[in-house]
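One structure is given below, encoded as structure tokens.
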Amino acid sequence: MLTAKFIQENKEFVIERLLVKFFKAEEIITKVIEQDNYRKEIQTKLDVNLTQQNSIAKEIGLLFQTGKIDEANKAKEKTAILKEESKELSVQFTKAEKDLQDLLVQIPNLPHESVPHGKTTEENLCIKENGTMPVFTYEAIPHWELAKKYDIIDFELGNKLTGAGFPVYKGKGAKLQRALINFFLDEAEQAGYAEVQPPILVNADSGFGTGQLPDKEGQMYHCGIDNLYLIPTAEVPVTNIYRDVILNTSTFSIKNCAYTPCFRREAGSYGSDVRGLNRLHQFDKVEIVRVEHPANSYTALEEMVKHVEGLLHKLELPYRILRLCGGDMSFTSALTYDFEVFSAAQKRWLEVSSVSNFESYQSNRLKLRFKDEKTKKTQLAHTLNGSALALPRIVASLLENNQTAEGIKIPKALQKYTGFDIIK
RNA sequence: GGAAAGAUGGCAGAGUGGUCGAAUGCGGCGGUCUUGAAAACCGUUGAUCUUCACGGGUCCGGGGGUUCGAAUCCCUCUCUUUCCGCCA
């Protein structure tokens with residue numbers, strides 16, 4: 001979230017920038033400023049009161065030590081009123097802080113200046129399209145039929161075990177999953193990302209840190225007995241590694257990668273675009289996460305984009321890169337690039353990665369800071385993350401685009417991981 | 001699941017209800033010495049809110065209470081560790 005201080009100092013700028021996200025901020029910004037001023041006012045009153053109490057308490061201590069019991073008892077009476085007042089003030093202060101917090105979490109992150117204006121997915125800016133589009137002399141078969149034909153993914157079996165959106169990968173299908181995970185992890189490692197294997201259940205503090213809570217509570221699976229959440233992305237546990245941490249400037253850049261299954265309730269999604277692998281409740285993903293000095297975060301973002309692009313290139317999939325417009329961006333992001341691969345049978349682009357710079361928006365919630373060596377002051381770091389990559393739609397696209405009369409061809413880069421070059 | 005112990009600054013670890021934001025050690029930073037380094041020695045070193053500043057407030061796991069005054073006493077919650085049981 002944004003800090004009250006930043007809003008105080010950049011009121012007009014904040015309002016203007018948020019319009020790019022179609023967020024009318026004028027009213028809430030005014031409230032934030034009022035609330036912040038009120039908070040300060042209460043705090044000042046409380047401070048003065050406590051100062052008085054402290055000094056009287058010290059006096060009493062001295063009086064007792066010097067044996068002036070009567071005077072001490074007299075002084076005690078003075079504190080009664082002060083105590084009463086401070087109790088009242090501190091209740092007000094706690095409420096004032098909470099009310100301010102409640103306002104701040106409602107304000108989205110400011111979009112970067114390069115974010116295109118626009119409201120819908122059609123207005124995202126395609127900055128690159130690359131790779132050869134698949135050509136078929138016959139009607140290409142959709143991946144859910146291919147999966148059945150070669151018996152590599154069993155959707156019905158998943159229904160039996162769990163429910164819709166939990167497929168069972170079998171034989172070469174399972175091997176393909178494992179191959180992709182290893183391929184993505186190896187590539188990330190080569191690019192300097194240190195692998196971590198985090199828990200896939202997290203507590204509420206972690207959920208709040210990266211912004212899933214409180215707003216997106218309904219999107220996560222919740223284990224009520226232990227009050228833990230199944231992660232919707234590795235971003236949550238990996239970024240939260242750095243919650244409540246003060247870094248040294250020298251520790252930048254922090255680069256982590258992690259493979260985890262991801263769980264999403266996807267409440268409210270329906271229709272033909274959820275068929276097959278297009279939208280699952282459980283899927284596998286390799287995530288890259290970075291913590292950066294504010295001055296370097298956009299360079300880091302470009303590096304991440306290059307990395308993801310390299311993966312798609314090696315997988316020989318036709319892809320395009322979109323810079324999301326204000327209306328399509330997430331609440332917490334300052335700049336997001338989406339990667340889509342073309343899928344031959346569905347004849348549409350499928351999102352396989354989303355790479356974002358959150359600037360200090362997550363850091364402020366996470367209390368992730370660093371000590372500036374020159375000013376000796378702590379300031380918020382920048383966080384970034386991106387999928388590199390999410391598996392299901394990659395698999396969908398591989399199956400559909402690489403189908404031949406003989407079987408499904410495996411791209412060269414993947415063959416040493418699969419151990420086979422065709423699924424038949 | 002049963003039993004016990006514990007939670008203090010980056011880490012380790014003291015702490016009598018009053019002068020404790022907190023000893024000490026390690027680590028970090030700066031310096032002296034040195035051709036350089038190490039060692040030794042000296043100094044310095046928490047976070048946060050508020051204020052132009054001086055200053056002031058808050059924080060010893062979270063919350064509540066007792067008291068003029070709480071790291072220290074009481075209640076409660078959470079978490080951690082150890083032992084036993086079960087077990088990948």
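Reminder, nothing fancy here: chain letters follow the sequence lines and each chain counts from 1. Values reported hereafter were calculated over all heavy atoms of this structure, with side chains retained and with hydrogens, waters and symmetry mates removed.
Counting to the nearest Å, the C1' atom of B:U50 and the CZ atom of A:Arg39 are 8 Å from each other. One can place CG of A:Asp244 at 14 Å from C1' of B:G10, the figure rounded to the nearest angstrom. One can place CG of A:Leu46 at 11 Å from P of B:G57, the figure rounded to the nearest angstrom. Rounded to whole Å, the distance from CG on A:Asn37 to C1' on B:C49 is 15 Å. When rounded to the nearest whole Å, the span between CD of A:Glu97 and P of B:U58 equals 14 Å. Separating the CD atom of A:Gln53 from the C1' atom of B:U67 is a distance of 12 Å, rounded to the nearest angstrom. The interatomic distance linking A:Asn227 (CG) with B:C79 (P) rounds to 10 Å, in whole Å. At whole-Å resolution of the value, CG in A:Asn203 and P in B:C77 are 20 Å apart.
Of the two residues near RNA chain B, A:Thr44 and A:Ile56, the one whose nearest nucleotide lies more 5' is A:Thr44. Each of A:Thr79 and A:Lys58 lies near RNA chain B, and the nucleotide nearest A:Lys58 is the one positioned closer to the 5' end.
If you take atom P in B:A5 and the same atom in B:A88, they sit 32 Å apart, rounded to whole Å. On the P atoms, B:U82 is 43 Å away from B:G31, given to the nearest whole Å. With both ends at atom C1', the span from B:U8 to B:A71 equals 7 Å, rounded to whole Å. Atom name C1', nucleotides B:G10 and B:A47: the rounded distance is 12 Å, in whole Å. One P atom belongs to B:C49, the other to B:A40, and the distance between them is 38 Å to the nearest Å. The separation of B:G21 from B:G13, taken at their P atoms, amounts to 24 Å, rounded to a whole angstrom. B:U72 and B:G64 have their P atoms separated by 14 Å, with the value rounded to a whole Å. Nucleotides B:A39 and B:U45 are separated by 22 Å at their P atoms, to the nearest Å.
Note on ring orientation: taking the six-membered ring where Trp is involved, the planes of A:Tyr193 and A:His307 are tilted (angle from 30° to 60°). Note on ring orientation: taking the six-membered ring where Trp is involved, the planes of A:Phe370 and A:His293 are tilted (angle from 30° to 60°).
The nucleotide B:G27 finds its pairing partner in B:U45, both defining distances of the Watson-Crick or G-U wobble pair being shorter than 3.5 Å. Figure legend. B:A5 is base-paired to B:U80; pairs are counted as Watson-Crick or G-U wobble with both atom distances under 3.5 Å. Searching all strands for a Watson-Crick or G-U wobble partner of B:U67 with both distances below 3.5 Å returns nothing. Pairing for B:A40 goes to B:U32, judged as Watson-Crick or G-U wobble with the two contacts each under 3.5 Å. The partner of B:C60 is absent, by the rule that a Watson-Crick or G-U pair needs both atom distances under 3.5 Å.
Contact annotation: side chain of A:Asp47 to base of B:G57, donor-acceptor pair absent below 3.5 Å.
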Could you walk me through whether A:Glu309 and A:Lys306 satisfy the salt bridge (Lys or Arg N to Asp or Glu O under 4.0 Å) test, starting with their C-alpha distance in whole Å, then the side-chain angles of each, then the deciding distance to 0.1 Å, before giving a yes or no?
CA-CA 5 Å; A:Glu309 202 180 345; A:Lys306 278 273 167 290; 3.7 Å; yes
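Within 6.0 Å of atom CZ in A:Phe13, 12 or fewer heavy atoms from other residues, nucleotides or ligands are found, so the atom counts as exposed in its surroundings. Heavy atoms of other residues, nucleotides or ligands lying less than 6.0 angstrom from CD of A:Glu302 number more than 12. The neighbour count for A:Lys40 NZ, taken as heavy atoms of other residues, nucleotides or ligands under 6.0 Å away, is above 12.
A sub-4.0 Å separation between OP1 or OP2 of B:U48 and a side-chain N or O of A:Arg369 is present. Proximity of A:Lys83 to the phosphate of B:G69: a side-chain N or O atom is located under 4.0 Å from OP1 or OP2.
A:Ser86 pairs with exactly one of A:Ile81, A:Asn49, A:Asp47 by the side chain to side chain contact (heavy atoms under 4.5 Å, CB included) rule, that one being A:Asn49.
The listed nucleotides are B:A47, B:U51, B:G69; the one nearest the side chain of A:Ala57 is B:G69.
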Pairs under 3.5 Å (N/O, protein and nucleotides 43-45 of chain B):
none

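A:Leu176 CG to A:Lys170 NZ: the interatomic distance, rounded to the nearest 0.5 Å, is 15.5 Å.
Within the 4.0 angstrom heavy-atom criterion, only backbone atoms of the sugar-phosphate kind lie near A:Asn54; the bases stay farther away. In this structure, A:Ile60 reaches the bases: a heavy-atom distance under 4.0 Å links it to at least one base atom across the strands shown.
Scanning for ring pair (Phe, Tyr, Trp, His ring centres under 6.0 Å) contacts around A:Phe358 gives an empty result, with sequence neighbours left out.
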